[in-house]
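Notes to accompany the following structure.
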Amino acid sequence: MTRQRVIELDQPVNFRDLGGYKGLGGRQVKWGKIYRSAALNEMSTRDMATLCKLHITVDCDLRTSREQRAYPDLLWPGARLVSVGLYAEGERFEEKHALLRFFHHIPVFDDYLPSIYQRVLLNSHSEEAIAKVFKELLRLPEDQALVYHCAAGKDRTGVISVMILMALGVDDDTIARDYMLTDELYDFSWKKQHPTNEKLSQIIAKMNVTRGEGPAIKGITETIRQGWGSFDKFWVKRLGLSKAELAKFRKMYLED
């Protein structure tokens, strides 16, 4: 079970292990440590037992506060909920990037998804949320695992997945293929989406019914590389984490 990419559950969909990919120096991302998923507000007793067997003790909910209140996660024995809220709610989501574009070579994208992903990446609220997930992973005990999720397990979950895999040195093609796997596992119908609030709800709804495209992740990968030169520099300058923490993260989640 710990070496299985897709974990089949009764209720939650798109539940996957992020392990097994080749990372920095040819070292493999560890299996059975980091999981991604769609919503966890509906689970059978068997689902909860499965998550217990996987030793998942941390549940990072990337959804908005309203989504979390309307469809709260069902926690399994031993699990701790961490409210992350990747999207800044209200006007904060519209944070301007004029200064960043002035000081950095940030690419401009014509397509919808990479543009949105870039906006999320360069929003101070979202960067704090991304750093929060990394901090949870950095303090995770060796014998435990973590899951992060949004509503559909596609966009917000996808952003975090790209960031984690970049941190571990996984190549862009592999990152894109992991992102695209969601299209094969989940039907992003309008009826499946949870209601959120006002303008943000429209953004989330549109993103969740837009099928993923491999080039969409360039909204993250190319923004980081062109704007800051490397992931390592972005980690320090935008996420506010240290070089020592990045080295620790890689030691924790890459096989020796």
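None of these values were measured; they are calculated from a predicted model. Throughout, numbering of the chain's residues begins at 1 and tracks the sequence.
In terms of heavy-atom proximity, Ile106 sits nearest to Leu122 at CD1-CD1, 3.7 Å. Between Leu81 and Leu75 the shortest heavy-atom distance is CB-CD1, 3.9 Å. In plain terms, the two heavy atoms of Ser83 and Lys132 that are nearest each other are O-NZ, 2.8 Å. Residue Phe109 comes nearest to Ser115 through the heavy atom pair O-OG, 2.8 Å, listed as atom of the first residue, atom of the second, then distance. What you find for Gln118 and Thr223 is that their closest heavy atoms are NE2-OG1, 2.9 Å. Across every non-hydrogen atom of Ala145 and Tyr35, the tightest pair is CB-CE1, 3.9 Å.
Judged by distance alone, with hydrogens and angles left aside, the side-chain atoms of Ser126 form no donor-acceptor pair with the main-chain N or O of Tyr87 at under 3.5 Å. Side-chain atoms of Ser37 do not come within 3.5 Å of backbone N or O of His149 as any donor-acceptor pair. In this structure, Trp76 contributes its side chain and Met43 its backbone to no donor-acceptor pair below 3.5 Å. Under the 3.5 Å distance criterion, the side-chain polar atoms of His125 are matched with a main-chain donor or acceptor of Gly85.
The distance from atom CD of Glu67 to atom CZ of Arg69, rounded to the nearest 0.5 Å, is 10.5 Å. The line from CG of Leu168 to CG of Leu24 is 8.5 Å long, rounded to the nearest 0.5 Å. Here the CZ-NZ distance, from Arg225 to Lys233, works out to 13.5 Å after rounding to the nearest 0.5 Å. Atom CZ of Arg63 is separated from atom CG of Asn41 by 5.5 Å, given to the nearest 0.5 angstrom. Atom OH in Tyr253 sits 13.5 Å away from atom CZ in Arg27 (nearest 0.5 Å). The line from CD1 of Ile7 to CG of Asn14 is 11.5 Å long, rounded to the nearest 0.5 Å.
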ask   = Could you go step by step and tell me if Leu165 and Asp178 meet the side chain to side chain contact (heavy atoms under 4.5 Å, CB included) rule?
value = CA-CA 10 Å; Leu165 294 176; Asp178 179 80; 4.2 Å; yes
Check against side chain to side chain contact (heavy atoms under 4.5 Å, CB included), Tyr117 and Leu113 = CA-CA 6 Å; Tyr117 292 167; Leu113 281 179; 3.9 Å; yes
Step-by-step side chain to side chain contact (heavy atoms under 4.5 Å, CB included) determination, Leu40 to Leu74 = CA-CA 6 Å; Leu40 297 177; Leu74 294 179; over 6 Å; no
task = Could you walk me through whether Met163 and Phe134 pass the side chain to side chain contact (heavy atoms under 4.5 Å, CB included) test, one step at a time?
result = CA-CA 9 Å; Met163 296 298 290; Phe134 276 119; 4.1 Å; yes
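Arg139 has no carboxylate O lying under 4.0 Å from a charged side-chain N of Glu245, or vice versa, which leaves the two without a salt bridge. The pair Arg80-Glu136 meets the salt-bridge criterion, with a side-chain N (NZ, NE, NH1 or NH2) lying under 4.0 Å from an Asp/Glu carboxylate O. Between Lys218 and Asp172 no salt bridge is recorded (no basic side-chain N to carboxylate O distance below 4.0 Å). Using a cut-off of 4.0 Å between Lys/Arg side-chain N and Asp/Glu carboxylate O, Arg250 and Asp232 are scored as salt-bridged. Salt-bridge check for Lys30 with Glu255: failed, with every basic side-chain N at 4.0 Å or more from each acidic carboxylate O.
The environment of NZ in Lys22 is sparse: at most 12 heavy-atom neighbours from other residues, nucleotides or ligands sit within 6.0 Å.
Looking at heavy atoms from C-beta onward, Leu246 lies out of side-chain contact with Leu241 at the 4.5 angstrom threshold. The shortest side-chain heavy-atom distance between Ile130 and Ile160 falls under the 4.5 Å cut-off. In this structure the side chain of Thr57 reaches within 4.5 angstrom of the side chain of Leu140, judged on heavy atoms. The closest side-chain heavy-atom distance from Leu137 to Met252 is not below 4.5 Å. Annotation: side chain of Phe15 is in contact with side chain of Val147 (closest heavy-atom distance under 4.5 Å).
A donor-acceptor pair shorter than 3.5 Å cannot be found between the side chains of Glu127 and Ser124. A donor atom on one side chain and an acceptor atom on the other are found under 3.5 Å apart for Ser44 and Asp47. Between Ser161 and Tyr148, the side chains place a donor N or O and an acceptor N or O closer than 3.5 Å (distance only, hydrogens not considered). A donor atom on one side chain and an acceptor atom on the other are found under 3.5 Å apart for Thr182 and Arg16.
Trp235 and Phe249 have tilted rings, their planes meeting at an angle from 30° to 60° on a 0 to 90° scale.
Because its NZ or CZ atom is both nearer than 6.0 Å to the ring centre of Tyr21 and within 45° of the ring axis, Arg5 counts as a cation-pi partner of that residue.
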